[in-house]
Asker: 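Below is a structure I'd like to ask you about.
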Amino acid sequence: MTVQQLGSQLPEPVVPSPNPVPGVVLRGNVFRPQPDALVMAVEGEVSQRCADELEAVLRPRPDAAVRYLVVDLSRVHRLGIAGLQLLTRAYMTTRSGGIGLRVVVATEEVRDALRTAGLDVVLDCRPNVAAALVDDQRRDEW
């Protein structure tokens, strides 16, 4: 299956985060587009004010079939220090659990934040969810 074919089959995330933080625009959605992958789409600003909410979304309890956790940041307009710390913890947790972590990065703001923190060389960053779900897809070269 090609990236284009897979992309056309991805559902829109529909499961809203259960406990929104008042005054903070952040939504987390979880879906499973294929048996071996869990996608968590995040939208809004990832800063200290909403880090606890996002961490709850990023703490999946996947079954043994899940090989990849994809964190989709394509709709995030600001990634603060708390968000960077959260991604670092998610990376360490998934790695120790034998699960690959792939991060979808589509905006310059998020790319810049990852570069500044040095996470662009640690995290497996992809340009979109479809690319993150393909095993042979090479890392996004920014």
Side-chain angles (χ1 to χ4, degrees), residues 1-21 24-142:
M1 181 174 290
T2 68
V3 171
Q4 290 78 16
Q5 290 169 326
L6 185 57
S8 67
Q9 294 178 4
L10 292 176
E12 281 297 312
V14 295
V15 181
S17 177
N19 302 310
V21 177
V24 178
V25 179
L26 176 74
R27 284 190 353 205
N29 302 294
V30 180
F31 61 98
R32 194 168 186 168
Q34 58 193 43
D36 66 345
L38 188 62
V39 176
M40 297 182 175
V42 181
E43 180 178 345
E45 177 179 319
V46 184
S47 62
Q48 186 62 49
R49 292 177 60 197
C50 55
D52 290 341
E53 179 186 354
L54 182 56
E55 186 150 23
V57 173
L58 286 174
R59 288 195 180 270
R61 292 183 175 81
D63 58 50
V66 174
R67 296 181 338 160
Y68 300 105
L69 170 61
V70 177
V71 179
D72 180 3
L73 300 177
S74 61
R75 294 182 179 173
V76 168
H77 59 269
R78 183 175 181 278
L79 185 62
I81 292 171
L84 294 166
Q85 292 171 336
L86 207 63
L87 286 173
T88 302
R89 285 193 303 272
Y91 171 76
M92 293 186 310
T93 300
T94 55
R95 185 175 172 144
S96 69
I99 297 171
L101 177 68
R102 295 176 179 174
V103 181
V104 175
V105 180
T107 66
E108 255 335 286
E109 292 81 9
V110 172
R111 277 191 190 100
D112 288 345
L114 291 173
R115 274 192 202 123
T116 301
L119 290 176
D120 61 324
V121 296
V122 175
L123 298 175
D124 185 355
C125 298
R126 307 289 177 105
N128 55 54
V129 173
L133 295 173
V134 177
D135 281 337
D136 62 348
Q137 181 72 27
R138 293 193 329 194
R139 287 178 48 125
D140 183 24
E141 299 293 329
W142 323 329

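For the single chain, residues carry numbers from 1 onward in sequence order. Treat the numbers as computed from the prediction; the structure is a model and nothing was measured.
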Asker: Mind checking the CZ-SG spacing from Arg102 to Cys125? Nearest 0.5 Å is all I need.
Answerer: 12.0 Å

Asker: Which residues satisfy the side chain to side chain donor-acceptor pair (under 3.5 Å) test with Ser74, sequence neighbours excluded?
Answerer: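 Ser74: side chain to side chain donor-acceptor pair (under 3.5 Å) contacts with Asp72.
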
Asker: Looking only at heavy atoms, which two atoms of Asp135 and Arg67 are closest? And how far apart?
Answerer: OD2-NH2, 2.7 Å

Asker: Go through the steps to decide whether Asp36 and Tyr68 satisfy the test side chain to side chain contact (heavy atoms under 4.5 Å, CB included), and finish with yes or no.
Answerer: CA-CA 6 Å; Asp36 66 345; Tyr68 300 105; 4.1 Å; yes

Asker: With a 3.5 Å distance limit and no angle check, can you tell me whether Arg32 reaches the backbone of Leu38 through a side-chain donor-acceptor pair?
Answerer: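 It does not hold such a pair.
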
Asker: Run the side chain to side chain contact (heavy atoms under 4.5 Å, CB included) test against Arg95 and tell me which residues pass, sequence neighbours left out.
Answerer: Tyr91

Asker: For Thr116, which residues count as a side chain to side chain contact (heavy atoms under 4.5 Å, CB included) partner, sequence neighbours excluded?
Answerer: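 For Thr116 there are no side chain to side chain contact (heavy atoms under 4.5 Å, CB included) partners, ignoring immediate neighbours.
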
Asker: Working to the nearest 0.5 Å, report the span between CD of Glu109 and NE2 of His77.
Answerer: 9.0 Å

Asker: Are Leu87 and Leu79 side-chain neighbours, meaning at least one heavy-atom pair lies under 4.5 Å?
Answerer: yes

Asker: Just do the side chain to side chain contact (heavy atoms under 4.5 Å, CB included) check on Leu69 and Met40 with the steps written out, would you?
Answerer: CA-CA 8 Å; Leu69 170 61; Met40 297 182 175; 3.8 Å; yes

Asker: From the options Val42, Leu73, Val70, Val39, select the one residue that forms a side chain to side chain contact (heavy atoms under 4.5 Å, CB included) with Val104.
Answerer: Val70

Asker: Who pairs with Ala117 by side chain to side chain contact (heavy atoms under 4.5 Å, CB included), at least two apart in sequence or on another chain?
Answerer: Leu84, Leu119

Asker: Starting from the C-alpha separation in whole Å, work towards a yes-or-no answer on side chain to side chain contact (heavy atoms under 4.5 Å, CB included) for Leu101 and Val71.
Answerer: CA-CA 7 Å; Leu101 177 68; Val71 179; 3.7 Å; yes

